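These notes are about the structure you will find just below.
What you see is a predicted model, and the numbers here were worked out from it, not measured in a lab. Values below: all heavy atoms of this structure, side chains included; hydrogens, waters and symmetry mates excluded.
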There are 2 protein chains.
Amino acid sequence: MISNIHSDHSDRRSASPEETRERILLAARDVMSRKGRRGATTREIADVAGVNEATLFRHFGNKDGLMAAIAQRFCAVFELQSLMDRLSGNLEDDMFEIGKTLMQSMNALRDMIAWSLVENDPETPFQVRIGDEVWRVPEAIHKVILDYMAGRIASGELHGDAPLLARLLMNIIFAHVMSRRKFPDAQIYDDADAALRFYIDVFLNGVRSK
Amino acid sequence: MISNIHSDHSDRRSASPEETRERILLAARDVMSRKGRRGATTREIADVAGVNEATLFRHFGNKDGLMAAIAQRFCAVFELQSLMDRLSGNLEDDMFEIGKTLMQSMNALRDMIAWSLVENDPETPFQVRIGDEVWRVPEAIHKVILDYMAGRIASGELHGDAPLLARLLMNIIFAHVMSRRKFPDAQIYDDADAALRFYIDVFLNGVRSK
DNA sequence: GGTGCGTGCAAGTACATACTTGCATAAAAG
DNA sequence: CTTTTATGCAAGTATGTACTTGCACGCACC
């Protein structure tokens, strides 16, 4: 039933405490992505991580501590400076670079983004509210997109309302990531880069024949 | 803390059993949309519905029965025949009609669509697996979009790969609905019809200046 | 080779929550 | 008027789960 990551139960101390902690965090994210926050039990998380339940509590104190650790561990801020340096000036290439950065960050956050859509219980303590933290990185990238679009609109290359356009592009990538997460077996969109180029082509040129 | 729908607790039988059942179903969907399936307690659902907890169990037997009832009540199949009749032949108008139908059905299903992204626990009994049921209606509409696009591509009005285009349009609407659900206060996209027309305009014509 | 630290293991406690039950009662149905 | 039905209410039971604790044990480091 439960497939644990490490099968070397026998050894008392096969890994460093940091590795143990990391295994628990990964297992917690995994189980929570299938069962939700309340549905994920500390026992199952410990089993999947291949550690004893007591070890989990020795590391994180309580379940909320584990949640807070997840928020800190997996919602780390991306380095966005290098993104700006990679922009060439070519419209398609730039949008591909920006879009790819957004897609990668959303892919890393996909599980927590999914939770943020369900678990918005105002009674949960704020340190544990992953739903609020997750969107910081995508929103930062969204700001980059917004600035870029505004510049291209000002220069006459694009037309339309910059906030609307930026949000639409972000939504397309968001839906792509969520679709692939929900339906991983769909043959469509196998190649992420090709999908992104397709999106940008439609976004820029439309699908109407000329 | 808890705001119940009906405040007329005093009467023993203020409503018909059907109304009571409906209140419980609505309350269950409401609470579950905030706390998830496991996080939603029968006590809170009963409180929000303004009924006694025992009444909830008398109606649905157990929590799984309530879940199954939700799946049946809120995932009802839309009538798609009238949609085909409303199509005029004009490309923009037709796509608006189809897109609007899809947007409305997704809006009705938004809470359950959100759950379906999180709770995919293979151990839950199949009758209760709302996550599988929810997508039937959108997929039916997706098929309409797919056929329509294929026809327009064959006639030369559109160009590209019909499955990809259909999926992209569906994704755009999916992301719109989820965005508005997650961030209801965002000033952007206030008017759903205007947003849809904007999406279709970008989809057909692109945003590049000509 | 001794000490401390991290872990497994087993046995717990406390509490929340799903679910039951018996009775009173009010409204509807006959 | 009588009966039935749907509900409220209060007091349950059973179980799962978060969390603790004491002890044994092995690995690393001095």
Side-chain angles (χ1 to χ4, degrees), chain A residues 1-2 4-25 27-28 31-32 34-70 121 123-125 128, chain B residues 1-2 4-25 27-28 31-32 34-70 121 123-125 128:
Chain A
M1 199 67 52
I2 291 169
N4 47 353
I5 298 172
H6 286 238
S7 52
D8 45 6
H9 264 214
S10 52
D11 296 11
R12 290 266 153 183
R13 195 141 159 223
S14 55
S16 71
E18 292 76 24
E19 284 167 329
T20 302
R21 180 187 160 92
E22 181 72 6
R23 286 219 310 270
I24 296 172
L25 287 173
V31 176
M32 283 181 58
R34 294 196 311 266
K35 315 234 178 160
R37 172 190 309 225
R38 288 286 243 287
T41 69
T42 54
R43 179 168 321 190
E44 182 174 359
I45 292 172
D47 285 344
V48 171
V51 303
N52 193 277
E53 197 181 355
T55 301
L56 186 154
F57 285 104
R58 290 194 187 106
H59 269 274
F60 301 100
N62 53 32
K63 199 177 174 182
D64 276 359
L66 176 59
M67 300 299 148
I70 286 179
D121 179 12
E123 293 169 31
T124 54
V128 193
Chain B
M1 195 72 52
I2 291 169
N4 47 353
I5 298 173
H6 285 240
S7 52
D8 44 7
H9 265 214
S10 50
D11 297 11
R12 291 265 155 186
R13 198 144 157 218
S14 56
S16 72
E18 292 76 24
E19 284 168 330
T20 302
R21 181 188 159 92
E22 180 73 6
R23 286 218 311 268
I24 296 172
L25 287 172
V31 176
M32 283 182 56
R34 295 195 312 265
K35 314 233 177 161
R37 173 190 309 228
R38 288 285 238 289
T41 69
T42 53
R43 179 169 321 192
E44 182 173 357
I45 292 171
D47 284 345
V48 172
V51 303
N52 193 276
E53 196 182 356
T55 300
L56 186 154
F57 286 103
R58 290 192 188 106
H59 269 274
F60 301 100
N62 53 32
K63 199 176 174 182
D64 276 359
L66 177 58
M67 300 299 148
I70 286 179
D121 179 12
E123 292 169 30
T124 54
V128 192

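- Residues B:Arg21 and B:Ala69 come closest through the heavy atom pair NH2-CB, 4.0 Å.
- What separates CD of B:Glu19 from P of C:dA28 is a distance of 11 Å, to the nearest Å.
- For B:Asn52, the side-chain atoms get nearest to D:dG8 when compared with the rest of D:dG8, C:dG8, D:dT7.
- B:Val48 and B:Ala27 make their closest contact through CG1-CB, 3.8 Å (heavy atoms, listed as atom of the first residue, atom of the second, distance).
- In this structure, CZ of B:Arg23 is placed 15 Å from P of D:dA6, rounded to the nearest angstrom.
- In this structure, the CZ atom of A:Arg37 is 17 Å from the P atom of D:dT17, given to the nearest Å.
- Taking side-chain N and O atoms only, B:His59 has a distance below 4.0 Å to OP1 or OP2 of D:dT7.
- Atom NZ of A:Lys35 sits about 10.5 Å away from atom CD1 of A:Ile45, to the nearest 0.5 Å.
- In this entry the distance linking CG of B:Asp47 with P of D:dT7 reads 16 Å, nearest Å.
- Contact between the side-chain N/O atoms of B:Thr20 and the OP1/OP2 oxygens of D:dT7 is found at a separation under 4.0 Å.
- Other residues, nucleotides and ligands place more than 12 heavy atoms under 6.0 Å from the CZ atom of A:Arg34.
- Here the OG1 atom belonging to A:Thr20 is positioned 11.5 Å from the CZ atom belonging to A:Arg58, to the nearest 0.5 angstrom.
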Where along nucleotides 14-20 of chain C does protein come under 4.0 Å, by heavy atom, of base (B) or sugar-phosphate alone (S), with - for untouched nucleotides?
---SSBB

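- In this structure, OG1 in A:Thr124 is found 5.5 Å from CZ in A:Arg37, a value given to the nearest 0.5 Å.
- The terminal axes of the helix from C:dG1-D:dC30 to C:dG30-D:dC1, fitted over 5 pairs per end, subtend an angle of 20° to the nearest 10°.
- A sub-4.0 Å separation between OP1 or OP2 of C:dG8 and a side-chain N or O of A:Thr55 is present.
- Going from atom OG1 of A:Thr42 over to atom CZ of A:Phe60 covers 12.5 Å, rounded to the nearest 0.5 Å.
- At a cut-off of 3.5 angstrom, counting only N and O atoms as typed in the model, there is a donor on one side and an acceptor on the other between the side-chain of B:Arg58 and the base of D:dG8.
- Nucleotide D:dC19 holds its C1' atom 18 Å from the CD atom of A:Glu44, rounded to whole Å.
- If you measure from atom NZ of A:Lys35 to atom P of D:dG16, you get 14 Å, rounded to the nearest angstrom.
- Taken from OG1 in B:Thr41 to CE in B:Met32, the straight-line distance is 12.0 Å, to the nearest 0.5 Å.
- Remark: A:Leu56 CG to A:Arg23 CZ distance equals 12.0 Å, nearest 0.5 Å.
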